[in-house]
Amino acid sequence: MLPLADISTNIGSLPLKNPTMLASGIMDEDAGSMKRIIKCGAGAIVTKSIGLQPREGYPNPTLIELEYGILNAMGLPNPGIDEFGEEILQLKKSKTPIIGSIYGANAKEFIELGQKMEDYGVSAIELNLSCPHAKRYGLEVGSDPKLIQIITSSVKVNVKIPVFVKLSPNATNISEIAKAAESGNADAIVAINSVKAMKIDLDLKRPILSNKIGGYSGRAIKPIGVRCVYEIAEHVDIPIIGVGGILSGEDAIEYMMAGASAIQIGAGVYYRELDIFKKIKKEIEQWMDKHSYKKISDIVGVAHL
Amino acid sequence: MLPLADISTNIGSLPLKNPTMLASGIMDEDAGSMKRIIKCGAGAIVTKSIGLQPREGYPNPTLIELEYGILNAMGLPNPGIDEFGEEILQLKKSKTPIIGSIYGANAKEFIELGQKMEDYGVSAIELNLSCPHAKRYGLEVGSDPKLIQIITSSVKVNVKIPVFVKLSPNATNISEIAKAAESGNADAIVAINSVKAMKIDLDLKRPILSNKIGGYSGRAIKPIGVRCVYEIAEHVDIPIIGVGGILSGEDAIEYMMAGASAIQIGAGVYYRELDIFKKIKKEIEQWMDKHSYKKISDIVGVAHL
Amino acid sequence: MNIPKITKILEVKNEVKDIKTITFNHPEGVDPGQFFMIWIPGVDEIPMSVSYIDKDVKGITFRKVGDATSALYKLKKEDRIGIRGPYGNGFELQGNHILFVGGGTGVATLAPAVEYVVKNKSSATVIIGAKTKNELFFEDRLEKCGVTILISTDDGSKGFKGSATDLAQDILKKENFDSVLTCGPEVMMKILLDSTTIPFQASLERYMKCAIGLCGQCCIGEGLRVCIDGPIFDGKTLKNIQDFGVYRRDSAGRKVRF
Amino acid sequence: MNIPKITKILEVKNEVKDIKTITFNHPEGVDPGQFFMIWIPGVDEIPMSVSYIDKDVKGITFRKVGDATSALYKLKKEDRIGIRGPYGNGFELQGNHILFVGGGTGVATLAPAVEYVVKNKSSATVIIGAKTKNELFFEDRLEKCGVTILISTDDGSKGFKGSATDLAQDILKKENFDSVLTCGPEVMMKILLDSTTIPFQASLERYMKCAIGLCGQCCIGEGLRVCIDGPIFDGKTLKNIQDFGVYRRDSAGRKVRF
Ligand SMILES: Cc1cc2nc3c(=O)[nH]c(=O)nc-3n(C[C@H](O)[C@H](O)[C@H](O)COP(=O)(O)OP(=O)(O)OC[C@H]3O[C@@H](n4cnc5c(N)ncnc54)[C@H](O)[C@@H]3O)c2cc1C
Ligand SMILES: Cc1cc2nc3c(=O)[nH]c(=O)nc-3n(C[C@H](O)[C@H](O)[C@H](O)COP(=O)(O)OP(=O)(O)OC[C@H]3O[C@@H](n4cnc5c(N)ncnc54)[C@H](O)[C@@H]3O)c2cc1C
Ligand SMILES: Cc1cc2nc3c(=O)[nH]c(=O)nc-3n(C[C@H](O)[C@H](O)[C@H](O)COP(=O)(O)O)c2cc1C
Ligand SMILES: Cc1cc2nc3c(=O)[nH]c(=O)nc-3n(C[C@H](O)[C@H](O)[C@H](O)COP(=O)(O)O)c2cc1C
Ligand code: FES
Ligand code: FES
């Protein structure tokens, strides 16, 4: 039986064939990998976060599996914006939107990165203001509402494509930060990045990750991500993209009910293989058919009473 | 075989026979319950957080089980400090230290509560500056370092018994807040309270808890708690008490290696029954014997390289 | 997992004024004396004893007394409620001849136990106590089981005039029972306990929140959790509990005298 | 769970200058061609092919080339390392007569496969290529298996003078093999692939971080993850991968030409 539900969605002016997106940092550092994920059914691809200069990232161990999630501190490895152009250019013909994730230490860096991404032809830009473990970048920039607003508006006035702002749950008041992004004219909020966490090896008496502290993702953080999206939705009017522990169609629906117009999948790629995008699409369709929902927008935000 | 390890520990000037404590909010609103937990082997008891006035808490549902933890928003129900005196007085003969947890909206309230607790005869006071869901109290007070310092030092000058400060992981920078508590002369830091989270029911399209947002505890949050304790230990010199997802002796050891001198158990009571205190004590002893540790202080903080 | 499962109401039955029975699909096993947490979305989640036990269908019977029960009272067939449980220990049903003493809605809690006892070839006498004739329910249902039914009403409008305890004391003197099982107002149960020496079980009601033994809201005596260690307690245990028949605690944990 | 398990080194064996074998307890099954992530605490965690497969004991054989391998080189019996894995797909070992071509430490990866083939009653010819005689290892071990061993050295200090590929091309002309399995410098493997039409499998090395298919660090071609879809790829796949023998990526994801 063909699904009745229409699972296309929009993130503001950006239409997506389906609401499943690849989250930044998972198999998205080279064109070939992104092509494969597109074939696996993703509605959009967010690239690895790219900076001005190449970065090797931290020494291994950079990623381990925990009981209920994944802990990583890759350290933002990336080839730098100039070399990354080659990868994006190879994806020019893709009908699936590519969203360029960028990180920087200040507005000037973000502007340069955003402009280069736009030149390469990406459909939108995602500002990573939330990496939980990279010194000088990410969270250290992204916990100050004022700075968030300045960076967002600076990028906005310098590019024409939509600008998304990715936020961290490691903040006292995530809705305040989301409001700052909105007032900086962000086109959408992405929430959440991973949660600061640690695993210590008892035999060796030391944190396992070389950076000691990492970002926690996967199943365990879903209730935290859903809460963040819900809180943000109560305070901003721009679209929200939900991320964090999404492994199934029902997880995706839960985020949408909390207020997400689309969702991203990171650790889920490990738990349910690369074709998790196809699987979740199908599960969303089946759920919508069973519960008589016709389109995604009928679900978005319904849990706000 | 008798254990060789000595598992007694000290939280500053407060000696404990063993490092397992009952966390605030779990079977500690009346004397009878606390007596039962003492019989189950706890090294200390922290009472339910008590305020000046009686509070009914939120309507049910106030607590649900999630895949990897417990989500609750009780809403700080408590009989109020005056009526609670009767419960504490019944525990006067207890050799196990009773620690009075209190919450308030400002320094004045905390002082009055602290003084009354001291009069009732508790061994120490725990300032709940971290409840994730009570309006005007808890987190809303406890995310401002300045306020934390003022409240802590105000209570300190008005009581003679040790004062612990319980912190929230829902803060951008928990070590800054811990430093504020230390500079307010806190005798120990307790970390962490539960993590702000939400569960939405898909059939009814609404958050399940009546308060919508609740606090997430249990297994899933252990990596977050360990990280917090580790970060705090890098920044303060006072003892730390670790809480969050401790279900086994090895969990306790991990917190101690991160820097905790004692640990508290909340959700674990559900997962491993009331005698979890005895079980964890035994597991700690066995682990110490196997790894040739003689005393708790040999473990505390060893994971700091 | 201890999280409400949403289900549609199968049937609503009016028992007597202000008392209704609601049934719902619930294929898992439930023992007489156990209870559910019933979520009335947007209102409250409250404990309710199982009053009907069928293979796939279970039921609850309740009196409209406040917000939540009034909201529940208004619900119709097909409306959705959340169910978690069953919780608690249930009755221990042993002995050949059992006396049941139910006061008010307590009869709802006892009914499945009576049916169980009969099905297991033991005999039972059931005392149903109510304020007045119009408040009596489950008489027909229990009659069908083939047990002896004795009625007491405070106003004497039907059966024995007086309290169910008085009637029970009478009959306990005349007949030999292997045990007494009771559910009703706590003061009534306390009087009954004090007046008999045979094996005794009572079903207690305390304010409940988590129902899984964590929050401590329902504790009595030395940390006995009515939600897990009860709601059924035996006479020996109850004799050692100062609270029994004396006070309960409200939602804030304050003592409230009966 | 994909988290390092701490284990003590059982034995350390010097193979030749700069090359050692380390064994450790590891009762779980491992296939020839699979690899472990070896954590040298405080230094790095690096991928290493299994070079010894016993019931309870497994081994790795490595060359000292940089930080991590030098640190590993210094470790002694009883020292602790972390192990996770095995990872990757391993060789497909079919056919009656197989040609193995190992260059440098590649021989370490092939050795368990050679032993497996012999144990399963197939026959094998193994070409071991090295720069010079002093760098040859595992000759004795493989001789004991009863396979034909051919040596090539760049300087002719032992065996055939020239590259292992030249020697392989020679022998492929003379003899019929069912397949060629190779591990060594990628440029060498690429030449070999281009010069034969029989079934072909090569073990690839790419910079690895997660080893569980998440980080994308090790990807080649259209998103083939060397850590999961490899490290062994067949000839058909490799012919469609532009990267093969042309470039790899460093830790930052930059292309590095061979
Ligand atoms: C184990 C158990 C089994 C029960 N079984 C039945 C039954 O089969 N039939 C029946 O009619 N009633 C039963 N009750 C009582 C029923 O739970 C209350 O009548 C109901 O909760 C009242 O809710 P309300 O909002 O309508 O009334 P309110 O006006 O809120 O309160 C009326 C009374 O109910 C009590 N109450 C309110 N909420 C709770 C709660 N969460 N837990 C416990 N008591 C509460 C109040 O303390 C008060 O005494 C049972 C109670 C328990 C503890
Ligand atoms: C699947 C696989 C199996 C391998 N099996 C063996 C083996 O059996 N024996 C052996 O001697 N070597 C093997 N290697 C190579 C081995 O992993 C590297 O030699 C080692 O990582 C070098 O680390 P280093 O710090 O000593 O050197 P560095 O100075 O850091 O680097 C030297 C070289 O090793 C590469 N390297 C460094 N770190 C990694 C990493 N995390 N992943 C992949 N390459 C890395 C660098 O890119 C560089 O080319 C294998 C590699 C892979 C991918
Ligand atoms: C290996 C790995 C690398 C990541 N790298 C990035 C990154 O470069 N930029 C970024 O914004 N988020 C990064 N993240 C965070 C994810 O995009 C996502 O926000 C987080 O993992 C939560 O989603 P999940 O539970 O579906 O994984 C990374 C996550 C993982 C697991
Ligand atoms: C039902 C429940 C009630 C709680 N009430 C309080 C409270 O009153 N005061 C407080 O400081 N913490 C309270 N907490 C938080 C716990 O003390 C503890 O910090 C948290 O649950 C994490 O520990 P755990 O994972 O071991 O449960 C409560 C937790 C639960 C589950
Ligand atoms: S209701 Fe929470 S312990 Fe019984
Ligand atoms: S090493 Fe991470 S995907 Fe292969």
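Here is the naming used below: chain letters follow the sequence lines, and residue numbers restart at 1 for every chain.
Side-chain atoms of A:Tyr230 never come within 3.5 Å of backbone atoms of B:Ile213 as a donor-acceptor pair (strictly under, hydrogens ignored). Looking at A:Arg227, its side chain does come within 3.5 Å of a backbone N or O of B:Lys196 through a donor-acceptor pair. Remark: side-chain polar atoms of B:Tyr68 are not paired, donor with acceptor, to backbone N or O of A:Ile221 under 3.5 angstrom.
A:Ile224 touches chain B through backbone and side chain together, each having a heavy atom under 4.5 Å away. Of the two parts of A:Glu231, only the side chain, counted from C-beta on, holds a non-hydrogen atom closer than 4.5 Å to a non-hydrogen atom of chain B. Only the side chain of A:Asp203 comes within contact range of chain B, with heavy atoms under 4.5 Å apart.
The environment of NZ in A:Lys282 is sparse: at most 12 heavy-atom neighbours from other residues, nucleotides or ligands sit within 6.0 Å.
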When you look at A:Trp287 and B:Leu202, which way does the side-chain contact (heavy atoms from CB on, under 4.5 Å) test go after all the steps? CA-CA 10 Å; A:Trp287 190 93; B:Leu202 299 198; 3.9 Å; yes
Derivation and outcome, side-chain contact (heavy atoms from CB on, under 4.5 Å), residues B:Lys199 and A:Lys222: CA-CA 9 Å; B:Lys199 173 74 194 166; A:Lys222 193 187 70 174; 3.8 Å; yes
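Side-chain contact check for A:Leu305 versus B:Pro207: some heavy-atom pair is nearer than 4.5 Å.
How far CD of B:Glu254 is from CE of A:Met198: 9.0 Å, rounded to the nearest 0.5 Å. Distance check, rounded to the nearest 0.5 Å: NE2 of B:His304 to CD1 of A:Ile200 gives 6.5 Å.
With chain A as the partner, the residue from B:Pro223, B:Ala303, B:Gly225, B:Cys228 showing the most heavy-atom pairs under 4.5 Å is B:Pro223.
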